[in-house]
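Right, one structure below, let's go through it.
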Amino acid sequence: MNIDQIRAETPGTKNVIHFNNAGASLMPEPVSDAIINYLQEETSYGGYETARKRSNELEKVYPTIANFINADADEIAILENATAAWNMAFFAVNFQEGDRILTSKAEYASNYINYLKIKEKIDLQVEVIPNDEHGQVSVAALEKMMDKNVKLISITHIPTNSGLVNPVEAIGEIADKYNCLYLVDACQSVGHYPVDVQKISCDMLSATSRKYLRGPRGTGFLYVDSDALPKLSPPFLDLHAAEWIAEDEYKIRNDARQFENWETNYAGVLGLKQAVEYASQLGINNIWNRVTELADTLRVKLNTLPNITVHDIGSTQCGIVTFTHTSLSPVDIQQHLSEQDINVNTSAKSSTLLDMQDRNLEQVVRASVHYYNTEQEIEELVTVLESI
Ligand SMILES: *Cc1c(COP(=O)(O)O)cnc(C)c1O
């Protein structure tokens, strides 16, 4: 990887040391250019007219994303964020009384809230798979929990609050063996980890554009396996997802775009396409290797600081590095770093309640590294933390 060139294409690196890539990465110039150019064209010629003129290019977002995660183009739906994508998938499952939903300790709040919400309407069970000794989903425990009532396994791949990487591929083997639906929240992993939907063997997978993919805010996507499509029913439809063909009849689309709606942020969609192309050109394995190398370097250095405790769990650890300080709160640390133009974020208990509760954590500092960060930036972060 040519880090100098990558940084030259990332104007934000001149202003800040950005370790908030799990929040929103710095966009590279090809991505922001694609968005700005499109908006200018809309301003000059009209929104519908521009969409028509650029339709071939806009259409390419589907094969581009599909190629990146080893899917087919008709298995991709573009949505406004990962939450919208996940909700469309989750509420498309035909839950019945007595069904079981199995999920992970590191589950994201928005997902878990919806497990609780569906339980208010349908008498079903939500069960949390125990972790193994490394702190990740125990595949052996999952296998023991399986029976014919398990309707859905719903897992967060990489959580918002730690370096954990859940073993989604091994979980997929179990989902296959017991023939249940399998939904993966890959919001933190697409653009970060080599996500391959065939290897994961999931039925549905949700992702966002602005995090490790380095795309714009306000776009995301959903993958739905074409074999799973007949088992699902989108909770909402519009005139793009379905066609109104007679007074009492409509016909639903037969691809994943039945989960979309008509109006969309076209400039953002082009930005998303450009971001996926950018990541593809660099190579997702190269990205993963560089990110994890930098994150490991940061953890090793943080471990040498007497006032800092690193909190990452799991046998494979990703670019999200989390820690606390013995006397200063995570928010104080974030503010102090921000005064030095170093961006980090904090993650509070309520975002991943089960995991944080288990580990007695109220809040952590989250320094999420990307491939465009440097060893020198890590050194600067550690130096400032040391001097606090
Ligand atoms: C950020 C995040 C989400 C939500 O993504 P949005 O694009 O903000 O909707 C979902 N799951 C996890 C694990 C996340 O970190």
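Numbers here are sequence positions counted from 1. Treat the numbers as computed from the prediction; the structure is a model and nothing was measured. Order of appearance sets the numbers: ligands from 1, and atoms from 1 within every ligand.
- Close placement of the Trp262 and Tyr48 rings is indicated, their centers lying within 6.0 Å of each other.
- Ring centroid separation for the pair Tyr250 and Trp244 does not come in under the 6.0 Å cut-off.
- Applying the side-chain hydrogen bond (donor to acceptor under 3.5 Å, both in side chains) test to pairs two or more places apart or on separate chains, those with a residue in residues 21-35 are Asn21-Ser25, Asn21-Tyr372, Asn21-Asn373.
- Near ligand 1, Asn81, Ala82, Thr83, Tyr108, Thr156, Ile158, Thr160, Asp185, Cys187, Gln188, Thr208, Arg210, Lys211 each place a heavy atom less than 4.0 angstrom from the ligand.
- Salt bridge annotation for Arg214-Glu9: absent, with no cationic side-chain nitrogen under 4.0 angstrom from a carboxylate oxygen.
- A salt bridge does not link Arg253 with Glu260: none of the charged nitrogens is closer than 4.0 Å to a carboxylate oxygen.
- A salt bridge is absent between Lys53 and Glu49: the closest approach of a Lys/Arg side-chain nitrogen to an acidic carboxylate oxygen does not fall below 4.0 angstrom.
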